[in-house]
Structures are given as C-alpha cells and as structure tokens.
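Data block below; observations after.
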Amino acid sequence: MNDIETQWANEQRLMAAQVQIPTLGQGYQPQDNDVILGLDIQYESDKAYIAGDLQHYNGHHLGTYSGVTAVMAPYVPGFFCFREGPPLFALVNHLLNDATLPRPDLLVVDGHGIAHPRTFGVACWLGVKTGLPTIGIAKKSLLKFSGQVGNEQGSILDIAHKGQVVGYALRTQTGIKPEYVSPGHLVALDTAKTVALNLVSEYRIPDVLRRADQMARLHSKDEQTNDWINVGTLG
DNA sequence: GCGACAG
DNA sequence: ATCTTGTCGC
C-alpha cells in the first residue's frame with residue numbers, strides 16, 4: 001500500500017462513519033412517481049464523460065443528460081470512489097441546480113455501495129456528498145462470496161463481509177449472469193434489493209443505467225443524437 | 001509467494 | 001474502463 005492508498009483508506013474510513021444504512025422498514029421507500037437518477041461514466045483519454053438518466057420509479061423515462069470533466073485520479077480497485085466520485089458529483093450538482101428539472105429521490109450508481117472491503121464503495125461516497133438516498137449496482141462483485149444464485153429471475157444470494165450481510169447477487173433475468181446490489185446511503189438492505197429488481201425491465205441492468213451508459217458512450221465519441229442534452233464541461 | 005482486483 | 005472481428009441468435 002503506497003502513500004496515496006494509505007491516505008485514501010483513511011479518507012474512506014472517515015467518510016464511512018457518515019454512511020447511514022437504515023434497518024428493515026426504515027429509510028428510503030420507493031413510490032411510483034419518485035424520480036430516479038441513474039449515473040454512469042465513459043472514459044476517453046484523460047476525459048470522463050458522465051451521463052445521468054432520469055425516470056420515474058414506475059418506469060416512465062424523463063430525459064438523459066451528459067457532461068464532461070477532466071479525470072483527476074487513477075483507477076485503483078477498492079478506491080474507485082476517488083476516480084469516479086467527483087465527476088458524478090459534478091453532474092448531479094449541475095442537475096440539482098437546474099430549476100427546470102425534478103429533484104431526484106434516489107441515485108443509482110454503476111458500482112458498489114457497502115459491499116466493499118472497507119464498506120465504502122462509490123455509491124456511499126456519492127450518497128454522503130449529496131445527502132441523497134443512493135444504491136450501487138455493479139456487474140462484478142468485489143467481495144468473495146460462497147454459494148450460487150438460483151437460475152430463475154428474482155433469485156437472490158446474500159453477500160456477507162465480516163459476518164454482516166452487505167449486499168446481494170441478484171438474478172435479474174433467468175439464465176443471465178447476476179448483478180450485484182448494495183445500499184450506498186440512506187437505503188435499507190431489503191429496500192435496495194427490491195428497488196434493484198423493480199428497476200429492471202428486459203435486460204440484466206436497469207434501464208436507467210443502460211441509458212446513462214449509452215449516452216455517455218455516445219458523448220465520448222462525439223456523436224450527436226436528439227435524445228440527450230449536453231450540459232458541457234463540469235467542475 | 002501467488003492470484004485476484006467495482007470502472 | 002478501453003483496445004477489437006466475426007459470429008450466433010432473436
């Protein structure tokens with residue numbers, strides 16, 4: 001562990017103390033008309049192209065927004081929040097300051113929440129910085145776990161760390177690789193599980209994350225479409 | 001010592 | 001994440 005990683009680990013420890021994971025039945029509870037903000041990033045040389053997709057919890061799509069910032073930190077597994085967090089935060093702030101847009105009730109981040117070696121993934125970082133309910137959804141697990149998820153859609157397997165359940169492997173589509181969900185901030189474990197399953201339509205990953213991924217990719221390749229709004233340089 | 005390692 | 005061709009399937 002070099003100097004920067006030691007410093008990062010300290011910062012994660014301090015910020016992790018601010019994370020609030022409500023108990024069963026407490027914290028954020030999804031409602032049909034809640035506004036969900038899905039976030040993802042694509043990288044192109046030293047630029048980070050961030051996209052945010054807004055939809056109602058019931059599935060109604062509202063719009064997609066994309067911006068760009070300079071990348072300031074390297075990618076180090078386990079310290080993902082310091083690379084990806086600041087660009088995400090910049091876009092969220094931009095959207096929060098736009099009076100024409102609805103305020104998101106929940107953030108959905110491409111990455112982990114508390115299912116993390118130091119219980120502090122990028123979804124926790126963004127949750128603490130914004131003060132908004134946040135969950136993390138990732139395509140690979142960072143923690144080792146035992147057992148196997150059932151093959152049927154909706155099958156779930158606990159992912160534990162140091163004796164505590166911190167997230168789940170979730171089979172969102174029958175016969176398709178599971179995704180990994182964990183709360184980031186202000187969301188209970190069972191709520192994160194429910195939300196992750198209900199946000200999925202016909203793909204492995206929730207639409208709100210797929211659209212963010214697609215738009216960020218298009219922006220990074222300088223392609224213009226009619227379905228997203230370029231909010232320019234952030235930060 | 002060796003391998004694994006969110007995006 | 002990104003670099004990359006063809007190929008299988010709905």
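Numbered from 1 within each chain, the chains take letters A, B, ... in sequence-line order.
- What you find for A:Val122 and A:Cys81 is that their closest heavy atoms are CA-CB, 3.7 Å.
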Please list, one pair per line, the donor and acceptor atoms closer than 3.5 Å that link side chains of residues 228-235 of chain A to other protein atoms, with sequence neighbours excluded.
| residue | atom | partner | partner atom | Å |
| --- | --- | --- | --- | --- |
| A:Trp228 | NE1 | A:Thr225 | OG1 | 3.0 |
| A:Asn230 | OD1 | A:Gly232 | N | 2.7 |

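- Listed in residue order, the members of residues 159-182 of chain A having a heavy atom less than 4.0 Å from DNA chain B come to none.
- A nucleotide of DNA chain C counts as in contact with chain A when one of its atoms lies under 4.0 Å from a heavy atom; the first and last such, 5' to 3', are C:dA1 to C:dT2.
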Side-chain polar contacts of residues 102-111 of chain A - donor-acceptor pairs under 3.5 angstrom, sequence neighbours left out - could you list them?
| residue | atom | partner | partner atom | Å |
| --- | --- | --- | --- | --- |
| A:Asp105 | OD2 | A:Val35 | N | 2.7 |
| A:Asp110 | OD1 | A:Lys139 | NZ | 3.2 |
| A:Asp110 | OD2 | A:Lys139 | NZ | 3.3 |

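- Screening residues 22-52 of chain A for ring-ring contact (aromatic ring centres under 6.0 Å, His included) gives A:Tyr49-A:His219 as the qualifying pairs, with residues at least two apart or on separate chains.
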Donor-acceptor pairs are to be reported for all side-chain atoms of residues 12-21 of chain A against protein atoms at under 3.5 Å, with residues two or more places apart or in another chain.
| residue | atom | partner | partner atom | Å |
| --- | --- | --- | --- | --- |
| A:Gln12 | OE1 | A:Arg118 | NE | 2.6 |
| A:Gln12 | OE1 | A:Arg118 | NH2 | 3.1 |
| A:Gln12 | NE2 | A:Gly78 | O | 3.0 |
| A:Gln12 | NE2 | A:Phe120 | O | 3.4 |
| A:Arg13 | NH2 | A:Asn10 | OD1 | 2.7 |

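- Residues forming a ring-ring contact (aromatic ring centres under 6.0 Å, His included) with A:Tyr57 (at least two apart in sequence, or on another chain): none.
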**OP:** In sequence, state the C-alpha distance, the side-chain angles, and the governing distance for A:Val92 and A:Leu37, and then conclude on side-chain contact (heavy atoms from CB on, under 4.5 Å).
**Re:** CA-CA 9 Å; A:Val92 173; A:Leu37 175 59; 4.1 Å; yes
Subject >> Strand DNA chain C as a dot-bracket string - pairs counted if Watson-Crick or G-U with both distances under 3.5 Å, | where the partner lies in another strand >> reply: ..........
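- Evaluation of the ring-ring contact (aromatic ring centres under 6.0 Å, His included) rule for A:Phe80 yields A:Tyr75 as partners, not counting sequence neighbours.
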**OP:** Could you run through nucleotides 2-7 of chain B and give me one letter per nucleotide, 5' to 3': B if any protein heavy atom sits under 4.0 Å from the base, S if only the sugar-phosphate is that close, - if neither?
**Re:** --SBBB
Original post:
How does DNA chain B look in dot-bracket form if you count Watson-Crick and G-U pairs under 3.5 Å, write [ ] for pairs that cross, and put | where a base pairs with another strand?
Top reply: .......
Identify each donor-acceptor pair in which a side-chain atom of residues 148-163 of chain A lies under 3.5 Å from a protein atom, sequence neighbours left out, and give them as a table.
| residue | atom | partner | partner atom | Å |
| --- | --- | --- | --- | --- |
| A:Gln153 | NE2 | A:Thr172 | O | 2.9 |
| A:Gln153 | NE2 | A:Gln173 | OE1 | 3.3 |
| A:Ser155 | OG | A:Glu152 | O | 2.8 |

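- A donor-acceptor pair under 3.5 Å is formed between the side chain of A:His56 and the backbone N or O of A:Asn33.
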